[in-house]
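These notes concern the structure reproduced below.
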Number of protein chains: 2
Amino acid sequence: MLDATSSYKPWIDASPVDEQDRTRIVPETIRRADRTPGNRYGNRPTMKDVAARAGVGLKTVSRVVNGEPGVTPETERRVQEAIDALGFRRNDSARVLRKGRTASIGLVLEDLADPFYGPLSRAVEEVARAHGALLINGSSAEDPDREQELALALCARRVDGLVVIPAGDDHRYLEPEIRAGVATVFVDRPAGKIDADVVLSDNYGGAREGAAHLIAHGHRRIGFIGDMPRIHTAAERLRGYRAAMEDAEIPVEDSWMSLGVTDPERVRRAAEEMLSGPRPVTAIFAGNNRVTVTVIRVLAEEARRVALVGFDDLELADLLQPGVTVVAQDAAALGRTAAERLFRQLDGTLITPERIELPTRLITRGSGELPPAD
Amino acid sequence: MLDATSSYKPWIDASPVDEQDRTRIVPETIRRADRTPGNRYGNRPTMKDVAARAGVGLKTVSRVVNGEPGVTPETERRVQEAIDALGFRRNDSARVLRKGRTASIGLVLEDLADPFYGPLSRAVEEVARAHGALLINGSSAEDPDREQELALALCARRVDGLVVIPAGDDHRYLEPEIRAGVATVFVDRPAGKIDADVVLSDNYGGAREGAAHLIAHGHRRIGFIGDMPRIHTAAERLRGYRAAMEDAEIPVEDSWMSLGVTDPERVRRAAEEMLSGPRPVTAIFAGNNRVTVTVIRVLAEEARRVALVGFDDLELADLLQPGVTVVAQDAAALGRTAAERLFRQLDGTLITPERIELPTRLITRGSGELPPAD
DNA sequence: TAGAGCCTGGACAACGTTGTCAGATGCAGG
DNA sequence: CCTGCATCTGACAACGTTGTCCAGGCTCTA
């Protein structure tokens, strides 16, 4: 249960640029019980306190804390003692303000709980870590507004860079930020209406290969179930499917295609529809991992053997009967590549935006090699 | 490839408290190409700039930006114009410093790429979002030092709260932070040597139920493959397994148990060993999802039908032949519960640390109901 | 012994924001 | 016309850190 007293997007809504004269919600500050009387940070000692206790100047403490040279061992010892005694820890908020670098990068993705994005996020984190940066991530839940909200909130926090898995198709709202120096890389889907670094999988090629694979095994009536075509990956995969069909000179019937369908219930209905009717499909191409999972369930209940190729790999896919043939993309490689480009931007090594496409890999495991059952 | 020129843990190593006189690595600042001449934030306008342009005072801009009352519509319009023209965005670093709240919480987990932690992390994020806070997460990779490093780095950034999935078993290093007001909740595993809020699954009860389930189906020689017992969850599950065996008055033989084993190669060997020998096990209890996956693979190659119960649910587990019986825990509920307690701490509603155990659920799908094959 | 040069330590300002407080303005009523 | 009050606005300090710069004490050399 979520706390009913909290407003939904407090901090973010305080941001002024997006909309003009809508009523603003005052940021809800997170209240905290005053545990000890003291300053706002719950009575935390500052360098000043340490300096006073050690009987040295403020800057000397700073030097010790940061391992800068020019402090006698004796002085250093005294300062260290004071630090330990007071339990001092440097306030990086202040440090950030002063230095102008936050040593943190933001990642806006679709859903952290999706098994595809976990490894991607982890890969970004590892690269960030290697550069001494922390990672802040947020899920857009496929909502363009929420994506923008998140990305701009991250910019307000002055993340040094931003990795975005777009939910929307217009990213002009990031232009001022990029101009102001926020390194930005888009992953998995291209940026909309701005020129920026993009790292993608070869969705078109992968889907084309996958569909061609089914065709090569004798299928002609091949169904396609995918997400909304406004999502780039979905559109590209659909295009790949169509291209393969066209290559084989198979006219695609509308009833074979189901777009914008991703929740289990509707995928199920879509699949069942394709499989009934007078001219049922003999194979299905599933446009993403979630669709694939549901289709597998549907096919498991079918009497007929229907072929299946899915986009995105699944754990255990090899252990099913039959094993699930998939077009696999390397989520970790996507994340790593994007993050590395991000830091190259920050280095100043990288100037012109590029579009990188990572290859996909067809993994045959059985389900895609079933012959048509009609 | 990681940038070879970057030191590994630059920012974190600068933290002074942990160790005494080891050489400190100077934080590597993330360099950035100077895109435009200007201030440190890559020429970002500040409120001062906006004020100058709008011909008003600094504080008036602040008022407009934060939607505070007491600004005439005309003045507000002028300020908004200046904001839009300059592309101003409030610098939350400064705001944080001034307000003493960061509106962000930290999550230290084991591995973001693990399908168990994805949903957990997402659940924490959702709660944080409902409270207007952002989530910073980091992976400890099961390394206690790295856990500490991360947690303290987050504290240095003055996160308002910390959700920790412990890798180590001594968290006294967090005492000064907690005393200083950092709300702290441990999830999935208990805190070591400090008194703190803890949210756990009932690992003991779940494992006991799982093992008892196998016993109830006639098994007596039941193998156990789990992680290092220094990991609390692993130890508890082992304890549950032992308890079930004891309840049934079955003496456990050493060769049935394999502890501290989690990488596929070694799990495979361990399983194969249990299944060979003169008195092979007829069932295996797998101590976590990664172990389960590997055991499934091994069993798929076996001629005999060996029963299996795994701890943690798996996607597609129902579609295997036979379906995999598991003791499921609700990762999202763990995360949600922990995060909610965290914010209750911040509210001041919550004072005394508690230990919460969430129940597990035995899901029978076939593999756990196979009779012994001897 | 004086002068130059080095080493250590500290005073001070600045980073960009918000809280406090007092000044300015406008209007109503005596 | 002046007073009192309400409304709007802005000057200023403070948050905790780091960069700059200078002072004082020391050593070394001529």
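Only a predicted model underlies this, so the values are computations on that prediction, with no experimental measurement involved. All values below come from the heavy atoms of this structure, side chains included, with hydrogens, waters and symmetry mates left out. Per chain, numbering begins at 1; letters A, B, ... match sequence-line order.
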Taken to the nearest whole Å, CG/D49(B) to P/dC15(C) is 11 Å

Winner on side-chain proximity to V71(A), out of dT17(D), dG9(C), dG16(C), is dG9(C)

With the side chain defined as heavy atoms from C-beta on, R90(B) is closest, among dC15(C), dT18(C), dT9(D), to dT18(C)

Do any side-chain nitrogens or oxygens of T75(B) fall under 4.0 Å of OP1 or OP2 in dT9(D)?
yes

N/O (side chain, S62(A)) to phosphate O (OP1/OP2, dT18(D)) under 4.0 Å: yes

Any T72(A) side-chain N or O less than 4.0 Å from OP1/OP2 of dG9(C) = yes

Taking only side-chain nitrogens and oxygens of N66(A), does any of them come within less than 4.0 Å of OP1 or OP2 of dT18(D)? yes

- Base dG16(D) paired with K48(A) side chain (donor-acceptor, <3.5 Å): no

One should read off an interatomic distance between D160(A) CG and Q345(A) CD, to the nearest 0.5 angstrom, of 12.0 Å

Does any non-hydrogen side-chain atom of I136(B) lie less than 4.5 Å from one of S104(A)?
-> no

Side-chain ion pair, E340(B) and R344(B), N-O less than 4.0 Å: no

Margin query: Any donor-acceptor pair, under 3.5 Å, between the side chain of R63(A) and the base of dG9(C), if you only look at N and O atoms?
Written below: yes

note: E74(B), atom CD; dT25(C), atom P; distance rounded to Å ~ 17 Å

### Query
How is G70(A) classified with respect to the nucleic acid when contacts are heavy atoms under 4.0 Å: base, sugar-phosphate, or nothing?
sugar-phosphate

Rounded to whole Å, CG of L58(A) lies from P of dT17(D) at a distance of 8 Å

Winner on side-chain proximity to M47(A), out of dT17(D), dG9(C), dG16(C), is dT17(D)

Between CG of L97(B) and C1' of dG19(C) the distance, given in whole Å, is 14 Å

R158(B) atom CZ is separated from dT17(C) atom P, nearest whole Å, by 21 Å

Taken to the nearest whole Å, NZ/K99(A) to P/dG16(D) is 19 Å

Can you check whether I178(B) reaches I194(B) side chain to side chain, under 4.5 Å on heavy atoms? yes

Among dG9(C), dG16(C), dG10(D), the one nearest any side-chain atom of T60(B) is dG10(D)

When rounded to whole Å, the CZ to C1' distance for the pair R44(A) and dC15(D) reads 15 Å

Query raised in the report: Taking 4.0 angstrom as the limit, do R77(B) and E74(B) come out as a salt bridge?
Result: yes

Closest of dT17(C), dT20(D), dT20(C) to the K59(A) side chain is dT20(D)

Rounded to whole Å, the CD-P distance (E68(B) to dT17(C)) equals 13 Å

